[in-house]
S.K.: 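I'd like to ask some things about the structure below.
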Amino acid sequence: MRKITVAKGDGIGPEIMDATLEILFAAGAKIEIEEIEVGEKVYLAGNTAGIASESWDTIRRNKIFLKAPITTPQGGGYKSLNVTTRKFLGLYSNVRPCMSLHPFVKTKHPVMDLVIIRENEEDLYAGIEHQQTDEVVQCLKLISRPGCEKIVRYAFEYAKQQNRKKVTCFTKDNIMKQTDGLFHQVFDEIAEEYPEIENEHWIIDIGAAKMADTPEAFDVIVMPNLYGDVLSDVAAQITGSVGLAGSANIGEECAMFEAIHGSAPRRAGQNLANPSGLLQGAVMMLNHIGETEAAEKIQNAWLKTLEDGIHTYDIFEEGSSKQKVGTKEFAQAVIANLGQKPSILKPVSYANNSALNLPKYKKRPAANKKLVGVDIFVHWNGVNPDEIAENLKKIGENGIELTMITNRGIKVWPDGFSETFCTDHWRCRFKPNNGAIFTKQNINELLKNAIDENIDTIKTENLYEFDGVRGYSLGQGQ
Ligand code: NAD
């Protein structure tokens, strides 16, 4: 018996969880549940995290967490339990299968069957933000090699296990050459280890357009956090209903499974909600813990039930659906179909699912890191870049020179355009002339001289080369 943690959540949560668990037990899943309370009640009792510390102990002990949707109260500094859980438990991979159930669920994309694998921990979601000047705020986009390696390997291993043919990577590395560039580079490196699986890369903008228009062109798509957040909702929606999709959040130790939709409070307590999304999350959970037999039985019975036209209100269509049912009756229909297979929709087979091979990240030997200059960011209210350049030139000494100024990334000095709009946030690059040695002592001197010249420095970024390769971007137009 595998012990799993269950939270029934808020709104429609308890109803869809009861329905899901009933199906799981009827299918003979060898699980034992330990229930915890999370969500609205806990938030409103004054716990801004929405979860008690004893509940964390339960989740960490059992490692597998099946969670119904919860209501995050508006305002009041309540933290999203989803984001906290993903980060605390290191759930780096978010897996969302999005499949059309044509002709049983209405969709413009009848042959769509793709899986979005979203990096779940880093990117702009590190949430490191600062206001730097009157006019400019920033959010740090952090992408790490371990983060990329883990998620890209997960995508290929998942494709291999699920017998999928292609993995596509979406990034914007034509613009973000360092961050998205690293994601793309790691994708290319790891793709080589899976020659039996086709691989391709799309720039996210045209890739997203293609996915919304011709989703059948894709199979597994892996991408950084923010793009995945947006596109996984788009992909689920265009299959026909968000009420049908489940999601897995996978980490090295723990995993959390859920529906993609929220707690739909207006539908709560009326035996109306579709339990399919949570059930799909639960099927992924059973596969994850090796209960493939029960997972397969449930998935085929669920497909058969939809095919029989037994539908909850959200997917019920006069004419094509046969019977409008509530949450409980839908669950009973799935249970009655256990052991059967769909005849028009494709039945699933998980019997030969091998375990994913996900080795722990191995640190690489450190590169030869060389400091070659510094970007000093300055808050200045003037408008003429030549003026700030004259001031900044005064702070360079011992062969350290001002080489460039950009404003929001666009080079404005030397040889800027008078048309370029400038804010009060200036990035000023200093480097030694004639390739002389540059040290942190030089940075200290520059900053000290800036104080003497009344220049308002707000931050610095060191410019490094790693094994001789430039580790910073050039200014646009440089
Ligand atoms: P929602 O997904 O709860 O509901 C949107 C609409 O979709 C509902 O009004 C309903 O018509 C329909 N719907 C959703 N799930 C359904 C189901 N299973 N069966 C039938 N119809 C269904 O989104 P919302 O109204 O924006 O959010 C409500 C609450 O849920 C908010 O408090 C939000 O913070 C929370 N939420 C939680 C999660 C989570 O816990 N994972 C995710 C999203 C939203």
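Both counts, for ligands and for their atoms, begin at 1 and track the order of listing. Fair warning: this is a prediction, and the values are worked out from it, not measured in the lab.
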S.K.: Kindly tell me which protein residues have any non-hydrogen atom under 4.0 angstrom away from an atom of ligand 1, grouped by chain and ordered by number?
M.R.: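 Within 4.0 Å of ligand 1, the protein residues are Ile12, Lys67, Pro69, Ile70, Thr71, Thr72, Asn82, Glu258, His261, Gly262, Ser263, Ala264, Pro265, Arg266, Arg267, Ala273, Asn274, Tyr313, Asp314.
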
S.K.: Report the residues that fulfil side chain to side chain contact (heavy atoms under 4.5 Å, CB included) with Gln323, sequence neighbours left out, ordered by chain and then residue number.
M.R.: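 If we apply the side chain to side chain contact (heavy atoms under 4.5 Å, CB included) test to Gln323, skipping adjacent residues, the hits are Ile310, Val325.
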
S.K.: Taking side chain to side chain contact (heavy atoms under 4.5 Å, CB included) as the definition, give me every residue that meets it alongside Asn352, ordered by chain and number, with sequence neighbours left out.
M.R.: none

S.K.: Where is the tightest heavy-atom contact between Val6 and Phe65, given as atom of each residue plus distance?
M.R.: C-CE1, 4.4 Å

S.K.: Just to verify, what does Glu37 make a salt bridge (Lys or Arg N to Asp or Glu O under 4.0 Å) with, not counting sequence neighbours?
M.R.: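 Partners of Glu37 by the salt bridge (Lys or Arg N to Asp or Glu O under 4.0 Å) criterion, ordered by chain and then number, come out as Lys41.
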
S.K.: According to the interplanar angle, ranging from 0 to 90°, do the rings of Tyr194 and Phe156 count as parallel (below 30°), tilted (30 to 60°) or perpendicular (above 60°)?
M.R.: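 Parallel: the ring planes of Tyr194 and Phe156 meet at under 30°.
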
S.K.: Is the His425 ring parallel, tilted or perpendicular to the Phe377 ring (thresholds 30°, 60°)?
M.R.: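 The arrangement is tilted - the two ring planes meet at 30° to 60°.
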
